[in-house]
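Lettering of chains follows the sequences in order, A, B, ..., and the numbering in each one begins at 1.
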There are 2 protein chains.
Amino acid sequence: MALRHAVLAALLDEELSGYQLAKVFDLGMANFWHALPQQLYAELTRLEKDGLVTGREVVQDTRPNKRLFTVTDAGLVELERFTEAVTKPSAIRDDLLVKVRAADHVGAEALIGQLTERAGFAQAKIDLFEKLLHTMRGGRTEEEFLRYGDRVGPYLTCLRGLAFEQGNRDWCVRAASALRERAACRSRG
Amino acid sequence: MALRHAVLAALLDEELSGYQLAKVFDLGMANFWHALPQQLYAELTRLEKDGLVTGREVVQDTRPNKRLFTVTDAGLVELERFTEAVTKPSAIRDDLLVKVRAADHVGAEALIGQLTERAGFAQAKIDLFEKLLHTMRGGRTEEEFLRYGDRVGPYLTCLRGLAFEQGNRDWCVRAASALRERAACRSRG
DNA sequence: CCGCTCATGTAACAGGTTACATGATTTA
DNA sequence: TAAATCATGTAACCTGTTACATGAGCGG
């Protein structure tokens with residue numbers, strides 16, 4: 001099972017409703033996982049049925065009632081077991097890369113446009129993650145925080161998300177400029 | 001559709017059988033896509049049915065016969081259409097990151113072990129990709145090759161694969177050392 | 001003679017995506 | 001008064017993974 005443990009990990013930090021989880025999940029996972037609300041609702045239901053999370057009803061007068069979920073002891077045990085199990089390495093699986101792979105056989109303009117767009121998107125994420133990291137470590141330096149802070153897990157994963165997006169941005173810029181130069185050479189030659 | 005265009009892109013370089021494709025696909029896609037043989041056979045069948053690739057039977061006496069596939073004109077048109085369509089940004093979706101996210105609530109040893117293992121795995125990929133890039137550009141420098149070489153698509157995607165694995169390695173090393181230091185501090189304090 | 005490579009699949013299942021449904025309340 | 005937010009789902013579909021099947025030749 002896949003999403004299951006990501007949801008458990010997300011609920012370690014705070015008690016959340018399905019709706020709240022749906023809003024913070026993608027960002028909280030710093031880009032390395034994403035899920036639609038329907039998936040999260042379904043997963044929470046399953047997790048509760050299996051006793052790995054508990055939901056408590058919170059009655060609200062002005063808003064619809066909601067259920068807040070917490071990880072149970074059994075949930076922690078399950079996370080522990082999951083952590084010890086072997087991990088398969090991951091792949092990126094990105095359509096944009098498929099497109100670039102075919103770059104020599106398709107029009108360059110569309111590709112350059114998409115690379116530029118993606119670079120901008122990556123930059124936005126970079127800014128976001130940098131702010132997030134800054135907030136998490138408070139006044140401390142990174143070194144200090146990683147040594148003495150509590151809950152470094154989310155910080156470390158956010159670091160990976162940041163590096164990933166920096167990699168994305170740099171590569172997009174490089175690939176776009178390479179394709180542009182080639183187009184220029186061709187029109188001259 | 002997803003795998004479909006990755007297969008088309010892979011067949012642009014060379015005529016391949018399902019079996020050959022299955023062997024070169026993951027590496028040829030430089031880590032950013034992976035597929036099992038069964039998927040590839042099924043996809044080739046569908047692509048041929050839709051007229052995007054053609055298969056020609058090659059009779060072999062000592063080996064079982066095989067079918068070699070080429071991208072058709074319709075396939076190229078489809079790739080062009082695909083390239084112009086909008087691309088959704090990707091996520092990493094990696095179990096190891098989920099585990100690190102939960103680092104503050106589970107045992108550190110298992111995690112450190114897995115991070116170290118993954119760093120090694122990433123390094124192996126890095127070496128592989130660097131060799132591949134070197135071969136692709138022949139005697140030329142990267143600048144030269146990107147400007148005047150034919151087929152830069154596979155080179156550019158391999159560059160992304162390389163950067164991704166470097167990011168993996170660096171992050172794994174950093175996260176592992178951070179967790180080790182914390183463990184050391186705790187045992188002292 | 002045992003296991004590997006060549007060569008191609010089927011079937012069942014798990015996981016993820018798209019589309020749709022409901023209904024109250026607050027904000028522009 | 002129209003749109004967004006809060007809050008929770010169902011159903012159908014598409015994609016990916018796991019397990020299994022077949023059979024000939026080649027190398028140790």
Side-chain angles (χ1 to χ4, degrees), chain A residues 1-8 15-26 29 31-50 53 55-69 82 85-95 98, chain B residues 1-8 15-26 29 31-50 53 55-69 82 85-95 98:
Chain A
M1 249 161 267
L3 180 61
R4 159 152 289 216
H5 302 101
V7 170
L8 278 177
E15 202 180 22
L16 291 171
S17 69
Y19 185 82
Q20 291 172 307
L21 180 61
K23 283 206 305 182
V24 302
F25 188 76
D26 284 23
M29 288 296 165
N31 241 10
F32 70 81
W33 207 283
H34 104 106
L36 299 162
Q38 304 96 295
Q39 263 180 290
L40 296 171
Y41 281 116
E43 198 58 56
L44 284 171
T45 307
R46 252 173 279 148
L47 282 166
E48 192 179 26
K49 195 195 66 193
D50 297 345
V53 305
R56 67 180 178 92
E57 185 90 13
V58 173
V59 182
Q60 301 178 119
D61 11 278
T62 165
R63 293 273 169 216
N65 297 347
K66 60 180 173 184
R67 312 198 57 217
L68 295 180
F69 294 93
F82 168 70
V86 291
T87 313
K88 275 185 289 190
S90 63
I92 306 182
R93 213 171 283 227
D94 186 339
D95 279 352
V98 176
Chain B
M1 249 163 265
L3 180 61
R4 155 151 291 215
H5 301 101
V7 170
L8 279 176
E15 203 180 20
L16 291 171
S17 69
Y19 185 82
Q20 291 172 308
L21 181 61
K23 283 206 307 183
V24 301
F25 187 77
D26 285 22
M29 288 295 167
N31 240 10
F32 70 82
W33 205 284
H34 103 106
L36 299 162
Q38 305 95 295
Q39 261 180 291
L40 296 171
Y41 282 115
E43 197 58 55
L44 284 170
T45 306
R46 253 173 278 148
L47 282 167
E48 193 180 27
K49 197 196 65 194
D50 297 345
V53 304
R56 68 180 177 92
E57 185 90 13
V58 173
V59 182
Q60 301 178 119
D61 10 279
T62 166
R63 292 269 169 223
N65 297 348
K66 61 180 171 183
R67 313 198 57 218
L68 295 180
F69 294 93
F82 169 69
V86 291
T87 314
K88 275 185 288 189
S90 62
I92 306 182
R93 214 174 281 229
D94 187 338
D95 279 352
V98 176

**Message:** Can you say whether a donor on the side chain of Gln38(A) sits under 3.5 Å from an acceptor on the base of dT17(C), or the other way round?
**Reply:**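 No, no donor-acceptor pair under 3.5 Å.
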Minimum heavy-atom separation for [X] to [Y], with atom names?
X: Ile92(A); Y: Ser90(B); value: CG2-OG, 4.0 Å
X: Ala35(B); Y: Leu40(B); value: CB-CD2, 3.9 Å
X: Phe69(B); Y: Val53(B); value: CD2-CG2, 3.9 Å

Are the side chains of [X] and [Y] in touch, meaning some heavy atoms are under 4.5 Å apart?
X: Gln39(B); Y: Leu3(B); value: yes
X: Asp26(A); Y: Asn31(A); value: no
X: Gln20(A); Y: Leu68(A); value: yes
X: Val98(A); Y: Phe32(B); value: yes
X: Asn65(A); Y: Val58(A); value: no

Write down the distance between [atom1] ([X]) and [atom2] ([N]), rounded to a whole number of angstrom.
X: Leu21(A); N: dC6(D); atom1: CG; atom2: P; result: 14 Å
X: Glu57(B); N: dA7(C); atom1: CD; atom2: P; result: 11 Å
X: Arg46(B); N: dG9(C); atom1: CZ; atom2: P; result: 13 Å
X: Leu40(A); N: dT17(C); atom1: CG; atom2: C1'; result: 13 Å
X: Leu68(A); N: dT8(D); atom1: CG; atom2: C1'; result: 14 Å
X: Arg67(B); N: dT8(C); atom1: CZ; atom2: P; result: 9 Å
X: Lys66(A); N: dT8(D); atom1: NZ; atom2: P; result: 8 Å
X: Lys88(A); N: dT17(D); atom1: NZ; atom2: P; result: 7 Å

Phosphate OP1/OP2 of [N]: any [X] side-chain N/O under 4.0 Å:
X: Tyr41(A); N: dT8(D); answer: yes
X: Lys23(B); N: dC6(C); answer: yes
X: Gln39(B); N: dT17(D); answer: yes

Between [options], which one does the side chain of [X] approach most closely?
X: Tyr19(B); options: dT5(C), dT17(D), dG16(C); answer: dT5(C)
X: Arg93(A); options: dG16(C), dG16(D), dC6(C); answer: dG16(D)
X: His34(B); options: dT17(D), dT8(C), dT8(D); answer: dT17(D)
X: Ser17(A); options: dA7(C), dT17(D), dT8(D); answer: dT8(D)
X: Leu36(A); options: dG16(C), dT17(C), dT8(C); answer: dT17(C)

**Asked** Are the charged groups of Arg4(A) and Asp50(A) less than 4.0 angstrom apart, N to O?
**Response**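 Looking at Asp50(A) together with Arg4(A), the answer is yes, because their closest N to O distance falls below 4.0 Å.
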**Prompt:** Are Lys66(B) and Glu57(B) close enough for a salt bridge, meaning some N to O gap below 4.0 Å?
**Reply:**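 Not counted as a salt bridge, because no side-chain N and carboxylate O are separated by less than 4.0 Å.
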**Prompt:** Using the C1' atoms of the five pairs at each end, what is the angle between the end axes of the helix from dC1(C)-dG28(D) to dA28(C)-dT1(D), to 10°?
**Reply:**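 The end-segment axes of the helix from dC1(C)-dG28(D) to dA28(C)-dT1(D) are tilted 40° relative to each other.
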**Item:** Touch class at under 4.0 angstrom, heavy-atom based, for Arg4(B) against every strand present
**Value:**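 Arg4(B): no heavy atom of the nucleic acid under 4.0 Å.
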**Message:** So if I define the base as every atom that isn't primed, P, OP1 or OP2, how would nucleotides 21-28 of chain C read as a B/S/- string at a heavy-atom cutoff under 4.0 Å?
**Reply:** --B-SS--
